[in-house]
Amino acid sequence: MHERREGLPELPNSEGRELVFRFAPNPNGPLTLGHSRGVIINSEYARQHGGRIVLRFDDTGIKTKPPLAEAYGWIDDEFRWLTGRAPDVRLLASERMDLYLDKARDCLAQRICYVCTCTADEFKVTRVAREACPCRSRSSEQSLAEWEKMLDGTYAEGEAVVRVLTDMEESNPALRDWPALRIQTGEHPLVGTRYRVWPLLDFQSAIDDEEQGVTHIIRGKDLMDSTRKQTQLYDKLGWTYPETLYWGRVKVHEFGGFSTSQMRADIESGEFSDWDDIRLPTIRALRRRGFTAESLRLFWVELGLTQKDISVPLATLEAHNSGLVDASTPRLSLLRDPVRLALDVSAVEMPSELVLPNHPTEDLGVRTWPLDTDSGLEVLIEKGDLEFALSGDGVLRLKEFADIEVTSDGGGRMLHFEKGDGVRIVHWLAAGVERDAVLLHDCEGELQHPCMLESNDHAEGTLVQLERVGFARIEQVGDRGRPWRLVWTHG
RNA sequence: GCUGGUGUGGUGUAGUUCGGUCCAUCAUGACGGACUCUCGAUCCGUCGACCCGGGUUCAAAUCCCGGCAUCAGCACCA
């Protein structure tokens, strides 16, 4: 039997040199679970090899996937949260426009590129037919003259484009004279209307990767043709393209895909409340729900770098998270559909308070419930547990306290403190420690379930385990008249 | 249509480079049990896979040929 490989696969061509990785998102929204794969895999390799990582905002498209001004800062935060550190280099493509335009002029002068004034539809015909379009024979001087007309506004959007001169006989149609720069007249959120001619991803990214000395590109396999295009350009410029690794397409059962544009549209239409709506697969939402960065790291490293298209259940991520947080999450009692019971306590000697551990095995301190027994004891349990008891012999175990017998009229009596055999253990609250709360759950939309939560002094943001319910994060501490707000994490 | 990628239990994953150490790893899941004053945790057990068909070979998950399935690219998106 072979030795089982641990962690990520070996990186090709990584010996004896300084490695540079990069993560290059379009800031058209905050990062999604899908993006986190790029952040985590690249930074993980950088960490293992003592390499550097570049965070580059590829924000040169202002029409179909326009950048969002706020998203830059969000992504900075999310990158830091996911990796525990800032990137070694942070760049904005939109601040580097002059470089791309200079490079484009060089390429035109060397006839690596030419200006094409065919319409997109016209060019498509020649591309499919493997024929040269009329512009293809332009000399470098002619292309440079046309280039000036692109820059000065003579050509309107869609009337001219810079193409890389490849080979119309390329067997892969995607590689035949692909477009490198085009005219966009809209406003960029950062640089406004300063530029008319903008590079497309394949041109911009190719130049940047060389400039930044990127040695390894690790990204989704949907960009395989992008690699081939960029390699064509690198060959013409006498550069060596970085090593490139790919992963396949991922779907998470609970979310489907991770389209930032789609989410943006759904938020604008009101279907979701915001980018941190707990039903959304954004990093912000996952953080809000109490997932840890480490659980995401384990999740992606375990999935590795296969080019298979996969569909994984969120349960895999949840299992990692449970394992990580269980030992440090205090226990609390939370009742959904609470019902009150007035218990006769005459059969037992009642203590004046109850001391409960915050964790069954770890030393996380205790909490104390005062018990008011002047006229019996009032307790709250879940309606479902009451119904369960009434369908049987009526006996329940109040966890860590006493066995009781309930009746259908909302009453009951204390039996004894010892636990009887086979009695169902239920979580409960003593009257006086219950606080109004809502639990935000992702299953039925961002619904707010009214609940009763045990009084506590945990801070906002604390991850707790609700006994017999599951993990949740305290999003807002309750206050006079304002209920506690909890966000469901997982079971 | 053209081009490229990928097919291992329910879901992922290791193994494929260089055929034998693989009646195929690990995790998750489901089911059952032990323990526990949570339906959590821990422990134990069970279930379950090499896309199909040929070929080469003493020997194929691994190499070759042919299918099939599936995903992606063929944008003046990133």
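By convention in this document, chain letters (A, B, ...) are assigned in the order of the sequence lines, proteins followed by strands, and residues within each chain are numbered from 1.
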Enquirer: Is atom NZ of A:Lys63 surrounded by more than 12 heavy atoms (other residues, nucleotides or ligands) closer than 6.0 Å?
Expert: yes
Enquirer: To the nearest 0.5 Å, how far apart are CZ in A:Arg182 and OG1 in A:Thr60?
Expert: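 It comes to 5.5 Å.
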Enquirer: Looking at B:U28, does its base get a donor-acceptor pair with the side chain of A:Glu302 below 3.5 Å?
Expert: no
Enquirer: Who are the side chain to side chain donor-acceptor pair (under 3.5 Å) partners of A:Glu318, not counting sequence neighbours?
Expert: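 Result, side chain to side chain donor-acceptor pair (under 3.5 Å) vs A:Glu318: none returned.
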Enquirer: Mind checking if A:Thr361 touches a base, just sugar-phosphate, or nothing, with heavy atoms under 4.0 Å?
Expert: nothing
Enquirer: Say you draw a straight line from CG of A:Leu201 to CG of A:Asp208; how long is it, rounded to the nearest 0.5 Å?
Expert: 10.0 Å
Enquirer: Looking at RNA chain B, which of residues 412-422 of chain A put a heavy atom within less than 4.0 Å of it?
Expert: A:Phe417, A:Lys419
Enquirer: Can you tell me how far P in B:A75 sits from the matching atom in B:A30, rounded to whole Å?
Expert: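 Roughly 45 Å separates the two P atoms.
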Enquirer: Would you please test A:Val39 and A:Glu78 for side chain to side chain contact (heavy atoms under 4.5 Å, CB included) and show each step?
Expert: CA-CA 9 Å; A:Val39 174; A:Glu78 288 154 0; over 6 Å; no
Enquirer: What would the secondary structure line of RNA chain B be in dot-bracket form, counting Watson-Crick and G-U wobble pairs under 3.5 Å, with [ ] for pairs that cross earlier ones and | for pairs with another strand?
Expert: (((((((..(((.......[.....)))((((((.......))))))...(((((..]....))))))))))))....
Enquirer: In whole angstrom, give the distance that lies between atom CD of A:Glu362 and atom P of B:U36.
Expert: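 Rounded to the whole Å, the gap is 18 Å.
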Enquirer: Nearest heavy atom decides the nucleotide; on that basis, is A:Lys399 or A:Glu170 closer to the 5' end of RNA chain B?
Expert: A:Glu170
Enquirer: The side chain of A:Arg397 lies closest to which of these nucleotides: B:G40, B:C37, B:U38?
Expert: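 Looking only at side-chain atoms, A:Arg397 lies closest to B:C37.
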Enquirer: State whether A:Arg228 and A:Asp225 are salt-bridged, where the test is any N-O pair (Lys NZ or Arg NE/NH1/NH2 against Asp/Glu carboxylate O) under 4.0 Å.
Expert: yes
Enquirer: Write down the distance separating the P atoms in B:G9 and B:U25, rounded off to the nearest Å.
Expert: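 The same atom, P, in both gives a distance of 14 Å.
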Enquirer: What is the distance, to the nearest angstrom, from the CE atom on A:Met224 to the P atom on B:C2?
Expert: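 Atom CE in A:Met224 sits about 20 Å away from atom P in B:C2.
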Enquirer: Between the protein and nucleotides 41-47 of chain B, list every N/O to N/O distance that falls short of 3.5 Å.
Expert:
none

Enquirer: Is the shortest side-chain heavy-atom distance between A:Thr231 and A:Thr227 below 4.5 Å?
Expert: yes
Enquirer: How close do A:His188 and A:Pro67 get, counting heavy atoms only, and between which atoms?
Expert: NE2-CG, 3.8 Å
Enquirer: Can you pull out every ring-ring contact (aromatic ring centres under 6.0 Å, His included) where at least one residue sits in residues 291-329 of chain A? Sequence neighbours excluded, please.
Expert: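 For residues 291-329 of chain A: A:Phe291-A:His490.
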Enquirer: Donor-acceptor check, side chain of A:Gln204 to backbone of A:Pro199, threshold 3.5 angstrom: yes or no?
Expert: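 A pair under 3.5 Å: no.
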Enquirer: Contact class for A:Glu400 (heavy atom, under 4.0 Å): base, sugar-phosphate, or nothing?
Expert: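 A:Glu400: base contact, heavy atoms under 4.0 Å.
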Enquirer: For atom P, what is the distance between B:C58 and B:C71, given to the nearest Å?
Expert: 41 Å
Enquirer: Please collect all ring-ring contact (aromatic ring centres under 6.0 Å, His included) contacts where either partner lies in residues 154-184 of chain A, sequence neighbours excluded, each pair once.
Expert: none
Enquirer: Which heavy atom of A:Asn26 sits nearest a heavy atom of A:Asp59, and at what distance?
Expert: OD1-CA, 4.4 Å
Enquirer: Quote, to the nearest angstrom, the C1' distance that separates B:A27 from B:G48.
Expert: 14 Å
Enquirer: Taking atom P of B:U16 as reference, at what distance in whole Å does atom NZ of A:Lys308 sit?
Expert: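 About 15 Å, once rounded to whole Å.
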Enquirer: Rounded to the nearest Å, what distance is computed from the CG atom of residue A:Leu245 to the C1' atom of nucleotide B:G4?
Expert: 17 Å
Enquirer: Take the protein atom CZ of A:Arg219 and the nucleotide atom P of B:G5, then report the distance between them rounded to whole Å.
Expert: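 To the nearest whole Å, that distance equals 16 Å.
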Enquirer: Nearest-nucleotide wise, let me know which of A:Leu303 and A:His320 is further upstream toward the 5' end of RNA chain B.
Expert: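 It is A:Leu303 whose nearest nucleotide is closer to the 5' end.
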Enquirer: Please enumerate all residues that pass side chain to side chain donor-acceptor pair (under 3.5 Å) together with A:Arg424, with sequence neighbours excluded.
Expert: A:Asp385
Enquirer: Round to the nearest Å and state the distance from A:Leu466 atom CG to B:C39 atom P.
Expert: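 For the pair A:Leu466 CG and B:C39 P, the rounded distance is 15 Å.
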Enquirer: If you restrict it to nitrogen or oxygen atoms, what contacts under 3.5 Å exist between nucleotides 49-51 of chain B and the protein, and what is each distance?
Expert:
none

Enquirer: Measuring only the C1' atom in each nucleotide, how far is B:C50 from B:G12? A whole number of Å is fine.
Expert: 15 Å
Enquirer: Between B:A60 and B:A24, how far apart are the two C1' atoms, rounded to whole Å?
Expert: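 Their C1' atoms lie roughly 13 Å apart.
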Enquirer: Sticking with atom C1', work out how far B:U16 lies from B:A49, rounded to a whole angstrom.
Expert: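 That atom pair is separated by 16 Å.
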Enquirer: Do the non-hydrogen side-chain atoms of A:Tyr234 and A:Asp209 ever get within less than 4.5 Å of each other?
Expert: yes
Enquirer: In chain order, what residues pass the side chain to side chain donor-acceptor pair (under 3.5 Å) check against A:Ser333, with sequence neighbours excluded?
Expert: none
Enquirer: Spell out protein contact along nucleotides 69-77 of chain B as letters: B when the base is contacted, S when just the sugar-phosphate is, - when no protein heavy atom is under 4.0 Å; keep the 5' to 3' order.
Expert: --SSBBSBB
Enquirer: Mind checking if A:Gln307 touches a base, just sugar-phosphate, or nothing, with heavy atoms under 4.0 Å?
Expert: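 Sugar-phosphate: the residue A:Gln307, judged by heavy atoms under 4.0 Å, touches backbone atoms but no base.
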Enquirer: Rounded to whole angstrom units, what separation is found between the CD1 atom of A:Ile425 and the P atom of B:C35?
Expert: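 For the pair A:Ile425 CD1 and B:C35 P, the rounded distance is 13 Å.
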Enquirer: If the P atom of B:C43 is compared with that of B:G7, how far apart are they to the nearest Å?
Expert: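 One P to the other, the span is 33 Å.
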Enquirer: Show me the pairs that pass salt bridge (charged side-chain N to carboxylate O under 4.0 Å, His left out) and involve residues 321-336 of chain A, at least two apart or across chains.
Expert: A:Asp326-A:Arg331, A:Arg336-A:Glu382
Enquirer: Of the listed nucleotides (B:G40, B:U13, B:U38), which one gets closest to any side-chain atom of A:Ile310?
Expert: B:U13
Enquirer: Partners of A:Arg176 by side chain to side chain donor-acceptor pair (under 3.5 Å), sequence neighbours excluded?
Expert: none
Enquirer: Please confirm whether A:Arg90 makes a cation-pi placement over A:Phe79, using NZ or CZ under 6.0 Å from the six-membered ring centre and within 45° of the ring normal.
Expert: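 No, A:Arg90 does not sit over the ring of A:Phe79.
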Enquirer: Can you check the A:Leu8 CG to B:U13 P distance for me, whole Å?
Expert: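 Nearest whole value for this atom pair: 13 Å.
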